[in-house]
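Working notes, beginning with the structure itself.
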Amino acid sequence: MTPQPDSRGHFGPYGGRFVPEVLMAPIEELEHAYLAAREDPSFQHELDGLLHNYAGRPTPLYFARRLSESLGGARIYLKREDLLHTGAHKINNCLGQVLLARRMGKRRIIAETGAGQHGVATATVCALMGFDCVVYMGAEDMRRQRLNVFRMRMLGAKVVSVDTGSCTLKDAISEAMRDWVTNVSDTHYLLGSALGAHPYPMMVRDFHRVIGEEARRQILEAEGRLPDVVLACVGGGSNAIGIFHAFLSDRAVRLVGVEAGGRGEVLGEHAARYRGGAPGVLQGAYSFVLQDEHGQIASTHSVSAGLDYAMIGPEHAWLHDERRAEYTAASDAEALAAARQLSRTEGIIPALESAHGVAEAIRLAPEAAGKILLVNVSGRGDKDLDIYRANFPELDES
Amino acid sequence: MTRIGRLFECLKKEGRKGLIAYLTAGDPSPDRTPALVEALVRGGADLIELGVPFSDPIADGPVIQRAGERALRAGTTLSRVLEIAEQIRQHSEVPLLLFTYLNPVLRYGLERLAQDAARCGIDGCLLTDASVEEAEDFVAAMQSHGLDTVFLATPTSTRRRLELVARYSTGFVYLVSRTGVTGERESLSGAVTPLIRAMREVTGLPLAVGFGISRPEHVAELGRQVEAVVVGSALVRLIERERANPGLEAALESFTRELKTGFRELA
């Protein structure tokens with residue numbers, strides 16, 4: 001496979017740069033700054049130091065013995081991104097982008113957040129650097145993820161409630177883009193997923209590639225061979241592209257992205273772009289997006305705020321067309337059950353997002369004796385305890 | 001040449017400046033749009049931008065966002081906006097520019113849109129989120145059906161980008177007065193004067209300035225510098241406020257006339 005994206009940010013036909021003209025010059029500036037930083041050993045050195053000493057890399061690769069045995073088939077390994085500082089993989093990208101912002105002389109950082117994990121990670125790195133931080137969050141998501149809202153405020157960030165449209169991640173991104181359009185000269189938009197206009201999908205991927213590079217080395221050490229399947233949940237797809245990338249040339253390794261199947265098959269009841277999506281443009285990129293017959297973006301549903309988004313990242317759309325990765329979906333109910341099963345068998349409460357990846361592993365494992373499954377546990381479940389409580393009332397009797 | 005090109009020729013010949021009026025088609029309902037356009041024209045609007053509502057309007061401020069939501073709730077689609085254009089054409093030769101985002105247009109089909117828009121009397125199209133780099137297919141489709149393609153230039157655009165905007169634009173170039181989303185402002189940004197100067201260096205096309213213009217004195221100030229001035233959110237806000245009032249059309253006509261008085265002192 002040829003390296004992607006091309007110089008204009010295209011992954012095959014997907015990606016590109018679809019933003020209002022006012023953002024074009026700042027995005028070109030960002031691209032140049034990023035390409036220069038990527039080649040600068042001192043940038044990489046500082047980032048590696050922070051990833052190691054501040055965020056806690058490398059994260060363990062853990063053999064989930066009791067889960068594997070209870071399913072009676074495959075050997076399941078977990079990449080423990082949930083053990084990172086702030087509780088999810090998002091910090092990898094935030095550290096990279098905040099160093100880049102400092103290099104560009106931008107000391108005001110804005111971000112969107114769905115589940116709140118990216119917002120928390122952004123607020124964290126801004127506290128670390130002493131930068132101003134504004135996080136846009138859908139009103140509905142603020143309600144679902146109250147603890148993360150408080151956490152961001154405690155870290156010194158301003159959290160702005162977005163009550164337009166569906167009041168979720170998509171609307172938070174639109175509002176962050178409007179802020180950026182207005183304050184381009186001193187503001188960096190720290191986009192949190194492998195979405196948006198070039199160079200974001202490439203840059204966010206690059207900052208998360210460390211996940212797959214570590215995991216590949218670790219599984220070779222543990223098992224002396226590569227895994228048969230690598231699984232990760234896919235909202236925009238940053239944790240998935242991060243773990244997939246190191247395995248792209250290992251053609252025998254199946255790469256499986258798990259989208260949010262929500263509570264039904266009908267448009268509006270899920271966030272599975274490969275159940276009814278079509279190519280289109282949203283918020284800077286051309287990719288697969290859930291939309292109606294008139295090109296209006298559809299509303300989505302997932303129990304997990306971090307997967308509740310209408311578009312899949314453009315590199316995933318390309319990997320799908322190239323048949324290098326497969327995309328499936330886990331329902332709300334399957335994700336909740338998987339979270340409970342992982343908690344009981346391994347003592348690991350995953351984030352609801354990550355539970356979608358675990359659910360697919362649980363589905364595959366019984367029929368996969370002798371196979372190795374590698375699941376990216378992209379985040380931990382502390383932020384989701386309110387939702388778990390609401391869904392497991394039998395555990396909540398006083 | 002489209003009605004847009006002929007308008008700017010005529011303005012030049014008569015030594016006048018043009019007033020461009022934006023409204024979101026379908027707000028408050030598709031049935032009312034033709035009458036609102038007629039009112040704008042009676043008030044003196046020289047060109048109408050027909051906004052096609054999109055679910056995720058990243059370049060728009062709250063006023064036009066709300067108008068888009070009302071229009072979508074009222075069932076407005078791109079096909080319906082083309083029908084509206086056809087209705088307007090039965091009574092008026094005012095130039096019509098579609099103003100929207102890329103996704104509804106891609107879904108409709110570029111070639112199909114160009115063909116249908118030309119048939120319905122549309123003169124051109126502006127897509128706020130189609131950068132010149134990604135616009136080749138769009139430009140080719142529109143121009144093959146004789147439609148204008150208008151692109152935005154902004155205070156952040158570099159010289160190289162202004163040249164690209166000039167190369168892909170026909171009819172006129174739309175200058176954005178300041179960084180930011182659509183919406184009224186108390187006073188105009190100083191960023192627009194250098195932008196006008198820089199754009200003149202790379203194109204002979206007529207220039208229009210928009211974003212943040214809501215008063216006759218803004219119209220007057222910009223009328224000294226460019227061929228046309230665009231008013232959007234101020235008109236849309238009036239439609240929002242008076243939408244339940246049978247006097248809406250009269251109010252719109254009279255506000256348009258008042259805006260146009262800004263040009264009077266130039267004569």
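Numbered from 1 within each chain, the chains take letters A, B, ... in sequence-line order.
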Region of B:Val176 in contact with chain A, defined by heavy-atom distances below 4.5 Å: neither
Proximal component of A:Leu282, with respect to chain B [non-hydrogen, under 4.5 Å]: side chain
Which of A:His10, A:Arg8, A:Met177, A:Glu28 touches chain B most, by non-hydrogen pairs under 4.5 Å: A:Glu28
Contacting region of B:Pro53 [heavy-atom separation from chain A under 4.5 Å]: backbone
Side chains of A:Glu21 and B:Ser157, donor plus acceptor under 3.5 Å: yes
Leading residue by heavy atom contact count with chain A [cutoff under 4.5 Å; candidates B:Gly180, B:Pro57, B:Ser131, B:Pro155]: B:Gly180
Leading residue by heavy atom contact count with chain B [cutoff under 4.5 Å; candidates A:Ala278, A:Pro20, A:Gly16, A:Ser185]: A:Pro20
Exercise: do A:Gln97 and A:His188 side chains pair donor with acceptor under 3.5 Å: yes
Distance-only side-chain donor-acceptor flag, B:Tyr101 / B:Asp60, under 3.5 Å: yes
Contacting moiety of B:Glu133, where chain A heavy atoms sit under 4.5 Å: both
Contact residues of residues 284-293 of chain A (partner chain B; heavy-atom separation under 4.5 angstrom): A:Tyr286, A:Gln291, A:Asp292, A:Glu293
Engaged part of B:Tyr108 at the chain A interface, taking heavy atoms whose separation is under 4.5 Å: neither
Heavy-atom contacts under 4.5 Å, residues 115-128 of chain B to chain A: B:Thr128
Side chain / backbone / both / neither for B:Leu152 at chain A, heavy atoms under 4.5 Å: both
Modelled atom types, side-chain donor and acceptor of A:Glu175 and A:Thr164, under 3.5 Å: no
Pairs of heavy atoms under 4.5 Å with chain A: top-ranked of B:Asp129, B:Leu72, B:Leu78: B:Asp129
CA sep, side-chain torsions, deciding dist, call: A:Leu190, A:Ile110, side chain to side chain contact (heavy atoms under 4.5 Å, CB included): CA-CA 6 Å; A:Leu190 208 167; A:Ile110 57 171; over 6 Å; no
Region of A:Val184 that comes under 4.5 Å of a non-hydrogen atom in chain B: side chain
A:Asp321 and A:Tyr14 side chains, donor-acceptor separation under 3.5 Å: yes
No-hydrogen, no-angle side-chain donor-acceptor test under 3.5 Å, B:Tyr22 and B:Thr24: yes
Distance-only side-chain donor-acceptor flag, B:His145 / B:Glu111, under 3.5 Å: yes
Presence of salt bridge, B:Glu134 and A:Arg17, under 4.0 angstrom: no
Worked check of side-chain hydrogen bond (donor to acceptor under 3.5 Å, both in side chains) between A:Glu353 and A:Ser304: CA-CA 6 Å; A:Glu353 289 77 17; A:Ser304 130; 3.1 Å; yes
Ion pair check, A:Glu112 and A:Lys170, cut-off under 4.0 Å: no
Ionic contact status for A:Glu259 with A:Arg275, cut-off 4.0 Å: no
Pair B:Glu69 + B:Arg66: basic N to acidic O under 4.0 Å: no
Shortest non-hydrogen contact from B:Ile88 toward B:Pro34: CG1-CA, 4.1 Å
Donor on one side chain, acceptor on other, A:Asp141 and A:Thr168, under 3.5 Å: no
Residue part contacting chain A, namely of B:Arg160, when any heavy atom lies under 4.5 Å: side chain
Donor + acceptor pair across side chains of B:Thr170, B:Asp148 (<3.5 Å): yes
Segment of B:Ala153 engaging chain A (4.5 angstrom heavy-atom cut-off): backbone
